[in-house]
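What follows is a short report on a single structure.
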2 protein chains.
Amino acid sequence: MTATDRRSTRRAPAAAHRPRLPAVAVDPVPERPAGGTTWQSLERLGGTVTGVHGRDWRPRYLQLAEELRVKITSGELAPGTLMPSETELADTSGLSRTSVRNAIRQLREWGLVRAEQGRGTYVRAPRQRVRRRNAERYQWEKDRVLLDEEERVKTGATEHDTGLTVDDLKFHAEFTRVKADADMAAALQVEPGAPLLRRVYWTSSRHENAPLTMSYSYLPYDLVAANPDLLDASKEPWPGGSQHQLYTVGVELDRIDEEVRARPPSPDEAELLDIDPGVSVLTVRKTSIDTTGRVVEVADVVMPGDRTELVYSHKLQRWKT
Amino acid sequence: MTATDRRSTRRAPAAAHRPRLPAVAVDPVPERPAGGTTWQSLERLGGTVTGVHGRDWRPRYLQLAEELRVKITSGELAPGTLMPSETELADTSGLSRTSVRNAIRQLREWGLVRAEQGRGTYVRAPRQRVRRRNAERYQWEKDRVLLDEEERVKTGATEHDTGLTVDDLKFHAEFTRVKADADMAAALQVEPGAPLLRRVYWTSSRHENAPLTMSYSYLPYDLVAANPDLLDASKEPWPGGSQHQLYTVGVELDRIDEEVRARPPSPDEAELLDIDPGVSVLTVRKTSIDTTGRVVEVADVVMPGDRTELVYSHKLQRWKT
DNA sequence: GAGTGGTCTAGACCACTGT
DNA sequence: CAGTGGTCTAGACCACTCC
């Protein structure tokens, strides 16, 4: 069988290319993609399928991706399951391995599976949404500062967010002294080249799907140098958190600003946070301002976009009647 | 020249596969990916390159992607420029078209280029960050409610966010009466099946890179039916915004909760928001609670993840000294 | 009709993981 | 060692856009 023969036999059952438009015509107003806590929000990611007697005009790799998505979200392929190998899927689906790989790339971008070289492709567990209640968390942290150390040690900020105990988490910290680049100089309102303390943290967990986070924090070096303990990474995690650290050098916070963005992960971040490149990270740039109006810390927090949920609450003032 | 011949000649200059590890060994602590306002934040997306005399072990399609990224971020390939065609890139780079397409897929996921079938691939303009200052916006909106209509008409909420005037924006609204599904029933604290007013909005602009947004809003039908004007999509945009609409049926808001998430776009959303599938959207689920504790509106707002920046500010209470 | 990006194939070599 | 996913090639047909 020549290559040309094979292609023409395929054309009968296939019809791989759609004449465009049904997606919009059938469904002019996009459905609301529910922001659920499990696989729910992936319902409509595959695109619009044509009506009852209509043909499925989507490319075949997307059809395969959709088939597999249904098997996963329905539970037929349970979390942790080893998927059929690409070669096997190619055989059973009648597609080439390239097309099978295209389908699997979709599943990976949807966060449904993870591929491991040499081992196979595994079904991920549904995303366990982690709420980061930032607004109330900062006040809670501030209130704790003036408590006894014994009291502060008991639980830290990460546990407050996640409900996990200290034993579940591995904690990494690394401190360096750096010079402010243009970006940081502007953010911290210091001269470019000014000495900064750079702190890189990350938390990890043995639990599947546990929340992971990494953050890059910058403080004016002179500010923290007043307490040598603050320069020592081995003293982390500090009992009482960031705000208590600043308290030891005479700083009281007045305001915390946060800028939330989404962007693709760097390769390093993808590995550490256990996400596919292609799945976005959520980033929060946290700027802490003290009661004298100084910027005392700028921190970039990076979180896996498919597992994180940030919660903010805005209280409004009453009307004067 | 047979296929095998060709491959062996390629092996001399190529060495496409890396012996693993340098990325981690050379750079154990990930760099802080700057959250800049232009192309800046894409600096390290290509991964770690080996040292001065070292080889570049990354796959060749990533090397090509990196070369093109540099040309774009440096301005050599200006925004709006038509990129060389895939065939041309394949010829000049010595790679196959498949590999070239892999490289271009990277550029698309980074939001650097947009491909248009039949036309070509164009360099996108740098993302113009749009700040949505949600916290202060809601209070601003509430304060406006009691002003004269003439005053309220002048500017709406979208203009407040973006600085664009009304003329720059096209506004779409579509209202329907629906029954609450399980998700919405829970969010609105009503019985499943209860009648809801569903409002779908989107704003668009003729300007390149203008901010786009779409939102799905749900309110208890009985609540809004008290003012028939609120059921009429042609009355949108309402002068004075959501909070003034609710004011006409006797509702004063007390609190607005927001849940921020990132997820891949549906095909519809990708088209409307002008992003590549592969670029995440930022979503905000906005829950409005009135002064009697009722949930009066739940809205899901969807924004392009590569162009949106959400800003929150948290004021802290002073310590009692 | 020529050129573009989107889909698809058949087949190859590689690094990596298990046994 | 066999099997897996990651990379790569050469070549094909398609729908689409523009002239």
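Here is the naming used below: chain letters follow the sequence lines, and residue numbers restart at 1 for every chain. Keep in mind that the numbers below use all heavy atoms, side chains included, and drop hydrogens, waters and symmetry copies. From a predicted model like this one, the values you see are computed outputs, not experimental measurements.
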For B:R108, report the nucleic acid contact type (base, sugar-phosphate, nothing); a contact means any heavy atom under 4.0 Å.
sugar-phosphate
Taking all non-hydrogen atoms of both residues into account, name the closest pair between B:I72 and B:V113 and its distance.
CD1-CG1, 3.8 Å
Whole-Å distance between D:dT7 C1' and B:Q63 CD?
12 Å
Looking at C:dG6, I'd like to know if its phosphate oxygens (OP1 or OP2) sit under 4.0 Å from a side-chain N or O belonging to B:R101.
yes
So, OP1 or OP2 of D:dT7: does either fall under 4.0 Å of a side-chain N or O from B:T98?
no
Decide, yes or no, whether a salt bridge links B:R124 with B:D274 under the criterion of side-chain N to carboxylate O below 4.0 Å.
yes
Of all the heavy-atom pairs spanning A:G278 and A:P265, show the shortest one and how long it is.
N-CD, 4.4 Å
Give a yes/no on whether any side-chain N or O of A:R60 is located under 4.0 angstrom from OP1 or OP2 of C:dC8.
no
Please state how far atom CZ in A:R58 lies from atom P in C:dT7, giving the value in whole angstrom units.
13 Å
Please give, in whole Å, the distance from C:dT4 C1' to B:R114 CZ?
15 Å
Separation of D:dT7 P from A:R105 CZ (nearest whole Å):
10 Å
Between C:dT7 atom P and B:N102 atom CG, what is the distance in whole Å?
13 Å
What heavy-atom pair brings B:M214 and B:E269 nearest, and what distance separates the two atoms?
SD-CG, 4.0 Å
Return the value, rounded to whole Å, for the distance between atom OH of A:Y122 and atom P of C:dT17.
12 Å
Table please: side-chain donor-acceptor pairs of residues 81-90 of chain B below 3.5 Å, with sequence neighbours left out.
{"unit_1": "B:T81", "atom_1": "OG1", "unit_2": "B:A78", "atom_2": "N", "d": "3.2"}
{"unit_1": "B:T81", "atom_1": "OG1", "unit_2": "B:A78", "atom_2": "O", "d": "2.4"}
{"unit_1": "B:S85", "atom_1": "OG", "unit_2": "B:E88", "atom_2": "N", "d": "3.2"}
{"unit_1": "B:E86", "atom_1": "OE1", "unit_2": "B:R97", "atom_2": "NE", "d": "2.9"}
{"unit_1": "B:E86", "atom_1": "OE1", "unit_2": "B:R97", "atom_2": "NH2", "d": "3.0"}
{"unit_1": "B:E86", "atom_1": "OE1", "unit_2": "B:R101", "atom_2": "NH1", "d": "3.4"}
{"unit_1": "B:E86", "atom_1": "OE2", "unit_2": "B:R101", "atom_2": "NH1", "d": "2.9"}

Would you say B:Y61 reaches D:dT7's phosphate, i.e. side-chain N/O to OP1/OP2 under 4.0 Å?
yes
Taking for each residue the nucleotide of DNA chain C with the nearest heavy atom, is it A:S96 or B:T121 whose nucleotide lies nearer the 5' end?
B:T121
I need the CD1-C1' distance between A:I104 and C:dC8, as an integer number of Å.
16 Å
Taking only heavy atoms on the protein side, list every residue of residues 81-89 of chain B lying under 4.0 Å from any atom of DNA chain D, sorted numerically.
none
Which heavy atom in A:Y122 sits nearest to a heavy atom in A:G80, and how many Å separate them?
CD2-O, 3.5 Å
Tell me the interatomic distance from B:E116, atom CD, to D:dT17, atom P, rounded to whole angstroms.
9 Å
Donor-acceptor pair present, A:R97 side chain and D:dG6 base, under 3.5 Å
yes
Could you give the distance from OG1 (B:T213) to CG (B:L272), rounded to the nearest 0.5 Å?
11.0 Å
